[in-house]
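Each ligand, and each atom within it, is numbered from 1 in the order the structure gives.
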Amino acid sequence: MCGIVGYIGKTHAYPILIKGLKRLEYRGYDSAGVAMINDNGNLNVYKAKGKVADLEAYCEDKDTSGCVGIAHTRWATHGEPNSANAHPHYSASGRLALIHNGIIENYLTVKEKLVGRGIAFKSVTDSEVLIQLIEYIMQSNNLELLEAVQVALHQVIGAYAIAILDREHPDTIICARQSSPLVVGLGSDGAYYIASDASPIAEYTDKVVYLNDGDIAVLQPGHDLRVVNMDNETQHPNVKQIDVTLGQLEKGGYPYFMLKEIFEQPSCLRDCMRGRISVEGYHITLSAVIDYRDKLINARRIIIVACGTSWHAGLIGKQLFESLCRTPVEVEYASEFRYRDPVLYPDDVVVAISQSGETADTLAAIELARKAGAFVFGICNAIGASIPRLTQTGVYIHVGPEIGVASTKAFTGQVIVLSMLALCLANERHTISDEKYKEMVAELIRIPEKMEKALKTNEQIERLAPIFTYAKNCLYLGRGYNYPVALEGALKLKEISYIHAEGYPAAEMKHGPIALIDSEMPVFVIATRDKLYEKVISNIQEVRARGGRVTALVTEGDEQIRKFADHVIELPDTIECFQPLIASIPLQLLAYHIAVCKGKDVDRPRNLAKSVTVE
Ligand code: F6R
C-alpha cells in the first residue's frame, strides 16, 4: 500500500528519492516524507500531507543535501493522513529514522510497554512503535543497530518492509522484509537502491535482489550486499536481471497512465501471446503446462482466488475452464476464502490471479491452499513478486508495469492468459475437437487487431461522457461472458469517478434493481451478438418500459438494438468467450472520460492504492 524508496552511494540522494516516490505514488498518496543524512552528520526528516508534489514544495527551502536517504509515500492504515503520521519516523533521541510499509499487529502492546518506560510518541502509527522499540533495545542493551533490529523483529507480529537510517553510521542503510515487498538494486558504481517494486530502480540498474521474508539487508556502498536473518544466519541473495524500459514507466504523451494503458492493450496482448502461440500451427505452448501437465489436466476441481478486478477476470476464467475443459470451477474472493474453512483436496488446482503479486489476502489464500496440500498456480504481472515466488508454477501476463490505479491492461492480460490456459488444457484433455481448438487459437491471434478497432470508439465515448457526469447511480448489465464485463465496467466507474455503479446479470435485474430504474439512471448494457442476444434484448425492453436510458454495446452492424437504445457503441465481432476482451475497452474508456469530465485525478483516485498489501 505504501511505497518505499532508498538510496546510498556517491551522488545527491534527494532527487533520486523524489523521482522514485513519484514512480511509487500509485501505491499511496495521502502523505509523503523523506530523510537524508547530510555531510555534517545531521539526520533531516521532512514530511508533508498530500501528494509527493506537496512534499517537494515543502522541501524547496530545506537542506536536502546528503548521499544517503530514505523516502516514503503513505496510504493510511493507523492514524489519519497528516504530517505527524507520515514517514519517516524519528526515534526518541533523533538518532534513527525509519520508513515502513505493512502493519505491526501487536503495536498497541509494544507501545504500552514503551510508554511505561517513559518513551513519548509523536504519531499514532504502528510504524513509530517499531523505531522506538529498536532504539530502546539498542540503548538498554548497548547493541549495534543491526543487532537491535534483529531483537526487535523477533518481538513484533505483522507485515513489514522497513528501511532505517542511523546518523551515527551514514555509510549504512538497514532494511528488512516480512510479507511486504522490498527490492534492492545494485548500482554499477557500488551504490544501492531500495524500493517497494523495481519501477524506481529500473532507470539506474538492471540488477536487483528481491528480499525474502525474514531477510535483513545491510547496504554499504562499495561493499558486497550482506543479507542475514533475525538469528544472524547469513542468507544468499539471488541477483536477478530486470527488463523494464524507461518508456514503460513514463506516460508517453498521454495525459494519464490509465489512458496510456488502455491504448497499450493491443500491443501488450501481442507481447503476452508472443512465443506462446504459434501463428503457423495455431498451437499454444505454456511451459507451466508442459512441466505440470498431469497435475493440471487431472485436476478434480479448479479454485480461483483473487480480489477486485482480478476476481472479475477469474469469473471469466470459470466459464472458459468449465465450457472448454469440463472441469468444475469455483471463484472465491481471496479475503473470504482465507477465513473460511474451505474443503480442499490434494488434486485441486488453486489458481491465484493478481496483477501486483503482492495482495495480502491473495497471498494468505495461497498459503492456506498450500498448507492443505493443493497445487497452486499463479497468474501475475509483476515479475519476481511474492505470488509467483509462492506458487508452484504459473504464467506471467507480461503486459508491462501497470501504473494507473484502476486496472485495465492487467485485466485483459489476465483474461488472455486464462483463455490460453483453458485452450491448452482442453486440447490436452481432448475436451474440444482439434478443429475447434485451432479455430479458437486463430481467433485469439486476431484479438489485438479487434481491440485496435474497439479503441476507435474513443472519440464517440468522449463525446457521450458529459451526459453521464451528473448521474448519481449507474447500472451495468450483461449475461454469460459479459456479466463479469458488467461488474468490471461498474467497478471502473466507481473507482475513478466516484459515481455509484452496480454490475448485474441482466436477467437478475428484475429481482430487485429494476426498482431503481428511472429516467435519471443511465443503464449500460453489453448486448453483443451471442447465444443470449435475444434474451438481452428483452432485458433492454424491460429497462425501456420503466423509462430507463439505455446505452448498448453491440456487435457492429446491429440495427435491431439501435431502434430502441438511446446510444449504441459498435464493437467488432468475435467468438463469445473472447468478447470480454473487446467489450471491456469501451467501458474502460467511458469510466475514464466521465472521470476526466468530473475533474477527477484519474491515476490517483481517493482512498485507493494499487497494491493492497494489508488485509
Ligand atoms: C481495480 C483494481 C483492484 C485490484 C485488486 C487486486 O481497478 O485495480 O480491484 O484488481 O486490488 O489487485 P491485484 O490484482 O494486484 O491482486
Side-chain angles (χ1 to χ4, degrees), residues 1 3 24 26-28 75 179-181 196-197 199 256-259 261-262 265 304-317 331-338 350-366 376 378-391 394-415 417-418 476 484-485 487-498 501 503 584-585 587-592 595 600-615:
M1 314 288 292
L24 287 182
Y26 68 85
R27 299 177 70 92
W75 187 86
S179 305
S180 283
S196 302
D197 65 39
S199 59
Y256 288 98
F257 279 111
M258 182 180 178
L259 191 62
E261 287 160 4
I262 292 173
Q265 291 177 101
I304 298 177
V305 291
C307 303
T309 288
S310 300
W311 185 79
H312 296 157
L315 293 178
I316 296 166
V331 188
E332 300 263 5
Y333 282 119
S335 53
E336 289 295 313
F337 181 78
R338 64 180 291 191
V350 173
V351 176
I353 309 177
S354 172
Q355 186 287 128
S356 62
E358 298 294 349
T359 300
D361 286 320
T362 310
L363 285 169
I366 292 172
V376 188
I379 296 179
C380 185
N381 189 34
I383 315 287
S386 300
I387 287 179
R389 289 189 290 138
L390 286 177
T391 47
V395 178
Y396 278 116
I397 62 174
H398 284 315
V399 296
E402 190 180 64
I403 312 287
V405 166
S407 187
T408 52
K409 62 176 182 172
F411 173 70
T412 47
Q414 290 162 346
V415 174
V417 161
L418 287 162
Y476 286 69
V485 177
L487 290 176
E488 177 59 9
L491 179 64
K492 289 290 90 93
L493 187 72
K494 277 186 272 208
E495 282 184 293
I496 57 171
S497 72
Y498 319 140
S584 48
I585 287 183
L587 298 183
Q588 295 167 347
L589 288 168
L590 190 72
Y592 170 81
K600 305 297 178 206
D601 186 347
V602 171
D603 284 337
R604 290 172 296 188
R606 70 182 181 208
N607 305 337
L608 293 179
K610 183 78 188 154
S611 193
V612 185
T613 52
V614 292
E615 63 168 291

Enumerated ligand 1 atoms positioned under 4.0 Å from heavy atoms of [X]:
X    : answer
S310 : 10 (O), 13 (P), 14 (O)
E495 : 1 (C), 2 (C), 7 (O)
S354 : 13 (P), 14 (O), 15 (O), 16 (O)
K492 : 1 (C), 7 (O)
A406 : 7 (O)
G308 : 9 (O), 10 (O)
Q355 : 13 (P), 14 (O), 15 (O), 16 (O)

Sub-4.0 Å heavy-atom approach of V405 to ligand 1 =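 Flag set, V405 near ligand 1.
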Backbone N or O of [Y] within a donor-acceptor pair of the [X] side chain at under 3.5 Å?
X    : Y    : value
N381 : P401 : no
S356 : E358 : yes
S310 : A306 : no

Could you label the plane-to-plane angle of the Y256 and Y592 rings as parallel, tilted or perpendicular, counting under 30° as parallel and over 60° as perpendicular?
->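 Answer is perpendicular, since the angle exceeds 60°.
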Please step through side-chain hydrogen bond (donor to acceptor under 3.5 Å, both in side chains) for the pair T309 and Q355, ending with a clear verdict.
-> CA-CA 9 Å; T309 288; Q355 186 287 128; over 6 Å; no
Determine whether the side chain, the backbone, both or neither of E358 has a heavy atom under 4.0 Å from any heavy atom of ligand 1.
-> neither
Please report the shortest heavy-atom distance between M258 and I496, naming the atom on each side.
->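 Taking every non-hydrogen atom into account, SD-CD1, 3.5 Å.
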Using the test side-chain hydrogen bond (donor to acceptor under 3.5 Å, both in side chains), find all partners of R389 that sit at least two apart in sequence or belong to another chain.
->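 N212.
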Decide whether an N or O pair under 3.5 Å exists between S407 and ligand 1.
->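 Yes, at least one N or O pair falls under 3.5 Å.
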For ligand 1, find out whether one of its N or O atoms is nearer than 3.5 Å to an N or O atom of Q414.
-> no
K492: what forms a salt bridge (charged side-chain N to carboxylate O under 4.0 Å, His left out) with it, not counting sequence neighbours?
-> E488, E495
